[in-house]
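All residue numbers in this chain count up from 1 along the given sequence. First listed ligand is number 1; within each ligand, the first listed atom is number 1.
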Amino acid sequence: MNKFLSRSVLLATACGLSAAASAAEWTMATPYGDASFHTKNVKQFAEDVAEATGGELTINVHSGGSLVAHGEIKSSVRRGTIEAGEVFLSTLSNEDPIFEVDTLPGVAGSYEEAFALWQATKPVISELFANQGLMPLYAVAWPAQGIYTDFELDDPERFEGLRVRAPNINTQRFVDYLGGNPTETEESDIPTAFSTGRVDAMITSSSTGNSMTAWDYVSHYTDANLWLPKNIVFINQRAFDRLDEATQEALLEAAARAEERGWQMSRDDNQASLEALQANGITVSTPNEEVAAALQAAGDRLFSAWQDRADEQAQQVLEEYQQQRGN
Ligand code: PCA
């Protein structure tokens with residue numbers, strides 16, 4: 001009896017192992033915490049993939065920079081240390097200015113325009129990724145960026161010397177042009193940055209303000225509709241090539257659904273977050289005339305500095321998008 005039992009256990013273990021060996025298990029790193037709609041979307045994507053492939057491909061999502069720091073995610077996927085990743089696209093701007101075209105004021109100020117900008121820039125961005133053995137799966141915009149302060153931002157003079165948390169280099173430049181002192185801070189470091197007095201204010205979206213409980217640190221949100229920057233989700237091309245065709249197709253299909261779902265989640269989360277900010281005591285308003293003029297001037301400067309940096313290809317893509325948009 002005992003002998004029989006142990007033999008069947010052995011047999012079952014062996015079968016289990018061989019099934020697991022044919023199925024792929026991927027590791028994915030993301031920079032934002034579980035409260036972010038981007039992370040919720042990625043997790044749903046991973047579930048969809050597991051279901052659609054009948055477990056042939058499992059993607060284990062490690063969110064909030066817990067496994068790989070934000071700045072290391074792309075290189076880790078490139079090396080193949082992990083198979084999949086998500087980053088805030090504009091943090092790649094040191095590689096190519098096309099990556100930060102979605103953090104320029106006046107380029108795309110609505111979800112429709114932000115999506116059109118993604119369509120227009122996708123071929124170039126995909127090519128740059130492909131050159132590094134990477135394959136973009138989808139991209140989703142954050143809600144428009146605004147300014148969190150612990151006072152009413154009714155005068156552009158208030159920017160003078162203000163220490164402002166910014167999520168990328170372009171936002172840092174913007175703060176600088178406004179007269180403030182920018183600091184680049186990861187989402188996960190926002191609470192410490194405020195509680196240790198390293199920053200007085202921050203630029204981000206309604207969504208991030210909500211998921212990071214901005215009301216613990218600030219009292220006002222100026223909904224300035226600066227720009228709608230994106231996150232991009234991508235994989236290692238070699239890992240993709242190792243999958244069988246049916247699994248590849250299922251993965252791409254799930255990615256297409258994640259993109260569509262993500263843009264809707266962004267819109268919905270913007271509304272819900274604006275409500276949550278107010279319900280928690282934050283005053284939400286739009287910039288007054290003086291503040292709007294200062295933002296415009298800093299924005300114009302940011303735009304022309306980008307044009308000086310951008311190569312011909314990036315400029316051409318932007319021009320084509322603008323022509324399409326009817327500008
Ligand atoms: N949230 C992210 C990127 C833009 C946004 O709205 C952040 O602030 O880090």
Side-chain angles (χ1 to χ4, degrees), residues 29-42 63-66 68-74 85-93 99-105 107-111 114-115 117-118 138-149 163-175 180 182-194 198-218 221-233 262-263 265-274 276-277 282 284 302:
T30 84
Y32 292 95
D34 291 341
S36 163
F37 72 89
H38 282 285
T39 309
K40 290 177 189 156
N41 193 31
V42 160
S63 56
S66 58
V68 183
H70 195 174
E72 301 295 319
I73 291 177
K74 181 156 164 282
E86 177 181 33
V87 299
F88 185 38
L89 181 60
S90 44
T91 57
L92 309 177
S93 63
F99 294 135
E100 62 184 348
V101 74
D102 63 4
T103 65
L104 295 174
V107 173
S110 68
Y111 278 103
F115 190 71
L117 183 65
W118 168 226
Y138 68 87
V140 171
W142 290 91
Q145 307 292 290
I147 307 157
Y148 290 85
T149 47
R163 290 167 308 166
V164 187
R165 176 268 169 179
N168 61 20
I169 295 172
N170 241 357
T171 310
Q172 286 186 271
R173 288 190 185 104
F174 187 67
V175 170
T183 323
E184 194 168 345
T185 313
E186 285 299 320
E187 184 212 53
S188 53
D189 294 330
I190 289 175
T192 315
F194 274 106
R198 196 148 46 84
V199 300
D200 319 300
M202 66 174 167
I203 293 188
T204 186
S205 57
S206 56
S207 289
T208 297
N210 182 23
S211 48
M212 298 314 287
T213 61
W215 46 87
D216 292 341
Y217 314 103
V218 293
Y221 180 55
T222 306
D223 196 0
N225 197 32
L226 295 174
W227 47 79
L228 289 82
K230 292 182 295 291
N231 275 10
I232 190 163
V233 169
W263 283 76
M265 284 174 96
S266 184
R267 289 171 191 257
D268 296 345
D269 198 79
N270 182 36
Q271 287 312 319
S273 292
L274 288 170
L277 291 175
I282 291 197
V284 176
L302 197 64

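A donor-acceptor pair under 3.5 Å links the side-chain atoms of D102 to the main chain of K230, judged by distance alone. The backbone N or O of V199 sits nowhere less than 3.5 Å from a side-chain atom of R165 that would complete a donor-acceptor pair.
Between the CG atom in L302 and the CZ atom in F174 there is a gap of 7.0 Å [rounded to 0.5 Å].
Between H70 and Y32, the ring planes lie perpendicular to each other; the angle is over 60°, past the 30° to 60° tilted range.
Of all the heavy atoms in S93 and I169, the pair that sits closest is OG-CD1, 4.0 Å.
Every protein residue with a heavy atom nearer than 4.0 Å to ligand 1 is included here: Y32, F88, W142, Q145, R165, P167, T204, S205, T208.
Remark: D223 pairs with no residue by the salt bridge (Lys or Arg N to Asp or Glu O under 4.0 Å) rule, at least two apart or across chains.
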